[in-house]
Amino acid sequence: MNDKIESSAALETPAGLDRRQLLKMTGAGVAAVGAASLFGFSSTMAQDMSHGSANFYTSDKVFIEKVTFKSQYKTNVAGSLFTPKDLDRNGKTPAIIVGHPMGAVKEQSANLYATKMAEQGFVAMSIDLPFWGESEGATRNLVSPDVYAEAFSAGVDFLGSQTYVDRQRIGGIGICGSGSFIISAAKIDPRIRAIATVSMYDMGAAFRDALNKSQTVEQRKQFIATAAEQRWAEFDGGETQYVGGTVLELTADTDPVQREFYDFYRTPRGQFTPAGATVQTTTKPTMTSAVKFMNFYPFNDIETVSPRPMLFISGDQAHSKEFSQDAYNRAAEPKELVWVKGAGHVDLYDRVDLIPFDKLSSFFDQHLTA
């Protein structure tokens with residue numbers, strides 16, 4: 001999640017504030033500004049983000065199958081199921097569910113992780129969060145943390161129903177925002193036996209406080225008031241407004257965090273537009289639903305996940321590393337925090353020369369034991 005808004009819808013803002021300025025100040029927009037300030041980056045210092053990337057990696061060792069399954073809300077969640085070609089379908093194999101970054105779809109990062117885990121002998125399934133990609137849900141790009149968390153539990157339902165999966169050995173990986181959603185699910189679903197997060201964003205804290213708590217309570221209230229006014233506009237037939245997401249083009253003023261996201265989402269490295277969507281709206285949640293993140297506290301009671309193990313992976317240069325550190329500090333044993341040397345936030349979406357797949361494999365081998 002990051003900065004900028006793209007919409008032509010007219011909207012009044014409270015206290016005479018300029019709407020575009022306000023939106024840039026709020027939510028993940030401040031996160032981007034805060035990160036740039038924290039690490040002392042400048043636009044000219046942005047690294048080559050594409051080196052070693054393999055977002056669209058495929059493997060001749062793995063079968064891929066499109067699947068759908070129902071959530072408790074009776075809507076279809078779409079997934080891609082990855083199974084090793086040498087899978088013993090008469091046996092019982094551990095399984096892993098993988099969630100994509102916030103604003104992305106399963107074809108962005110999640111499929112790569114699922115493929116790599118299937119190469120290591122696991123049954124793995126990437127999913128599209130509801131309201132995104134091929135999963136059902138209207139309005140598109142809607143924010144609903146509870147529904148997102150339910151998608152992981154629904155994925156466990158589906159994986160556990162496969163005759164070749166050991167339903168006592170199901171784990172999960174959450175990338176970026178999905179790290180917070182899978183933790184939310186795991187707190188109330190003990191069937192998720194082991195949890196790993198990569199480049200995690202606490203989406204609640206990101207929208208309430210921004211990175212490094214650089215957003216004030218007053219700025220938060222201004223965003224909430226703006227979104228509330230937009231609800232009136234849309235109820236009266238106005239155009240849907242989007243907030244956050246990745247900019248569509250770079251300028252001299254584009255901050256380094258946005259450049260990092262742009263290099264993945266707006267270039268052939270990771271760009272993907274699902275059927276029915278447009279490039280202009282990919283990665284961008286609706287404004288009126290984004291405020292729901294303000295009520296999202298995924299790390300509250302995280303210690304109750306114990307004794308199930310938790311693994312937190314983050315780049316030591318990631319603008320988001322505070323979230324993995326916070327979750328690790330709050331979690332109870334067994335837990336582990338792995339810093340990937342030299343890696344930024346988006347590097348761990350797809351840079352296979354940096355992503356510690358061996359660590360992920362050994363973690364699940366150890367903790368999804370029979």
Side-chain angles (χ1 to χ4, degrees), residues 65 67-84 87 89 91-100 106 110 113-114 117-118 120-130 135 144-175 177-198 200 296-312 327 330-336 360-370:
E65 178 186 1
V67 297
T68 59
F69 48 91
K70 294 289 186 183
S71 72
Q72 281 193 331
Y73 301 105
K74 304 305 180 187
T75 59
N76 284 326
V77 177
S80 291
L81 184 64
F82 299 80
T83 54
L87 176 68
R89 292 182 177 267
K92 294 290 186 180
T93 301
I96 299 168
I97 184 170
V98 184
H100 56 73
K106 62 183 179 300
Y113 274 74
M117 300 313 294
Q120 298 301 313
F122 298 94
V123 173
M125 182 176 67
S126 63
I127 62 169
D128 279 327
L129 294 177
S135 286
S144 182
D146 179 67
V147 176
Y148 294 167
E150 160 60 20
F152 286 96
S153 289
V156 172
D157 294 339
F158 175 81
L159 287 171
S161 72
Q162 307 307 301
T163 58
Y164 49 82
V165 167
D166 186 342
R167 61 172 53 184
Q168 302 303 317
R169 293 192 290 163
I170 299 175
I173 299 172
I175 304 160
S178 278
S180 58
F181 308 143
I182 197 170
I183 288 173
S184 182
K187 289 191 299 182
I188 58 172
D189 192 342
R191 302 174 305 164
I192 306 175
R193 303 297 301 171
I195 301 96
T197 70
V198 181
M200 177 166 57
F296 182 46
Y297 293 85
F299 299 167
N300 284 7
D301 302 322
I302 191 174
E303 71 277 5
T304 63
V305 173
S306 177
R308 288 172 289 150
M310 304 190 76
L311 170 65
F312 307 99
R330 297 192 195 196
E333 297 288 351
K335 61 182 179 179
E336 188 172 358
L360 285 165
S361 181
S362 63
F363 171 77
F364 288 113
D365 274 337
Q366 177 184 355
H367 295 295
L368 296 182
T369 54

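Predicted model, so just to flag it, every value in this text is computed and none were measured. The first residue of the sequence shown is numbered 1, and numbering continues consecutively from there.
In this structure, Ser178 contributes its side chain and His100 its backbone to a donor-acceptor pair below 3.5 Å. Judged purely by atom type and a 3.5 angstrom limit, Ser306 uses its side chain to pair as donor or acceptor with the backbone of Glu333. Under a 3.5 Å cut-off, the side chain of Arg193 and the backbone N or O of His367 do not form any donor-acceptor pair. Side chain of Ser135 to main chain of Asp128: a donor-acceptor pair is present (N/O by atom type, distance under 3.5 Å, no hydrogens or angles). Put simply, the side chain of Thr68 never gets that close to the backbone of Ala78: no donor and acceptor are under 3.5 Å apart. Under a 3.5 Å cut-off, the side chain of Lys187 and the backbone N or O of Asn300 do form a donor-acceptor pair. With hydrogens and angles ignored, the 3.5 Å screen pairs a side-chain donor or acceptor of Glu150 with a backbone N or O of Gln72.
Residues Met200 and Phe312 have side chains in contact (heavy-atom distance under 4.5 Å, counting atoms from C-beta outward). Inter-residue side-chain proximity for Phe364 and Ile173 is flagged as met; some heavy-atom pair is nearer than 4.5 Å. The side-chain heavy atoms of Leu360 and Leu311, taken from C-beta on, include a pair separated by under 4.5 Å. At least one side-chain heavy atom of Thr83 sits less than 4.5 Å from a side-chain heavy atom of Tyr164. Two residues are said to be in side-chain contact when any heavy atoms from C-beta on lie closer than 4.5 Å; Leu129 and Val147 fail this criterion. Counting only heavy atoms from C-beta outward, the side chains of Phe69 and Leu159 never approach each other to under 4.5 Å.
Between the CD1 atom in Ile97 and the CG atom in Leu81 there is a gap of 10.5 Å [rounded to 0.5 Å]. In this structure, CZ on Arg191 lies 13.5 Å from CZ on Phe152, to the nearest 0.5 angstrom.
Pairs passing the salt bridge (charged side-chain N to carboxylate O under 4.0 Å, His left out) check and including a residue from residues 298-308, sequence neighbours excluded, do not occur.
In terms of the ring-ring contact (aromatic ring centres under 6.0 Å, His included) criterion, residue partners of Phe181 (sequence neighbours excluded) are, by chain and number, Tyr148, Phe296.
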